[in-house]
Amino acid sequence: MGYFFRYDSESADLENVLYFWPESHKSKVRQWVVDHFEESKLFDISMQMEMGKGDSPMLSWSFGFSDTSFSPLKGFPLINKSSGHFVSKNYSTTVLLEKGLFFDSNKRTIESVVVGFYRK
């Protein structure tokens with residue numbers, strides 16, 4: 001026998017999302033979210049926890065974001081006015097960028113349509 005818990009919200013600020021995310025669970029991913037989505041508009045938030053008898057809990061997170069500026073990886077250019085979805089399930093994390101603006105070395109705007117980042 002196991003347990004299942006689900007939290008859904010249309011919108012919330014990051015502080016409310018982190019309330020349900022223990023600091024010790026995927027601490028590096030949690031800190032990355034804090035560093036990159038603190039000023040973002042978050043929506044379509046879903047958190048699930050599954051736990052079998054005697055097992056450690058498995059948390060899964062997903063949320064949409066908009067009005068975000070961040071650099072997804074070290075050395076990667078800043079993405080401005082971005083929107084997309086964040087998903088963290090089991091041992092993988094995915095950020096799907098649906099819209100955003102990059103600037104090249106000559107300060108010209110490069111509009112992004114869809115970019116995905118996956119980390120396992």
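Note that this is a predicted model, so its numbers are computed, not measured. FYI, the numbering just counts along the sequence from 1.
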CZ of Phe43 to OG of Ser66: how many Å apart, nearest 0.5 Å?
5.0 Å
Under 4.5 Å between side-chain heavy atoms, counting indirect links through other Ile/Leu/Val/Met/Phe/Trp/Tyr residues: same cluster for Ile79 and Leu14 or not?
yes
Check the angle between the aromatic planes of Phe63 and Phe65 and answer parallel, tilted or perpendicular using the 30° and 60° thresholds.
perpendicular
Locate the shortest heavy-atom distance separating Leu78 from Ser69; write the atom from each residue and the value.
CD1-C, 4.1 Å
With rounding to the nearest 0.5 Å, note down the distance linking CZ in Phe86 to CG in Leu96.
12.5 Å
Residues that Glu39 engages under side chain to side chain contact (heavy atoms under 4.5 Å, CB included), provided they are two or more places apart:
none
List for me each residue that meets side chain to side chain donor-acceptor pair (under 3.5 Å) alongside Thr68, sequence neighbours excluded, and say none if there are none.
Ser40
Test of understanding: with side chain to side chain donor-acceptor pair (under 3.5 Å), list the residues that count as partners of Gln31, not counting sequence neighbours.
Asp35
Here the gap from Lys26 atom NZ to Ser92 atom OG, rounded to the nearest 0.5 Å, amounts to 6.5 Å
Partner residues of Asp67 under the side chain to side chain contact (heavy atoms under 4.5 Å, CB included) criterion, sequence neighbours left out:
Lys41
Can you tell me how far the CG atom of Leu97 sits from the OG atom of Ser83, to the nearest 0.5 Å?
7.0 Å
Nearest heavy-atom approach of Thr93 to Val29 is OG1-CG2, 3.6 Å
For the residue pair Lys81 and Lys99, establish whether any side-chain heavy-atom pair is separated by less than 4.5 Å.
no
Suppose we screen for side chain to side chain contact (heavy atoms under 4.5 Å, CB included). Which residues come up paired with Ser27, at least two apart in sequence or across chains?
none
Can you hop from Met47 to Val34 via hydrophobic side chains spaced under 4.5 Å?
yes
Non-hydrogen side-chain atoms of Trp21 and Val33 separated by less than 4.5 Å
yes
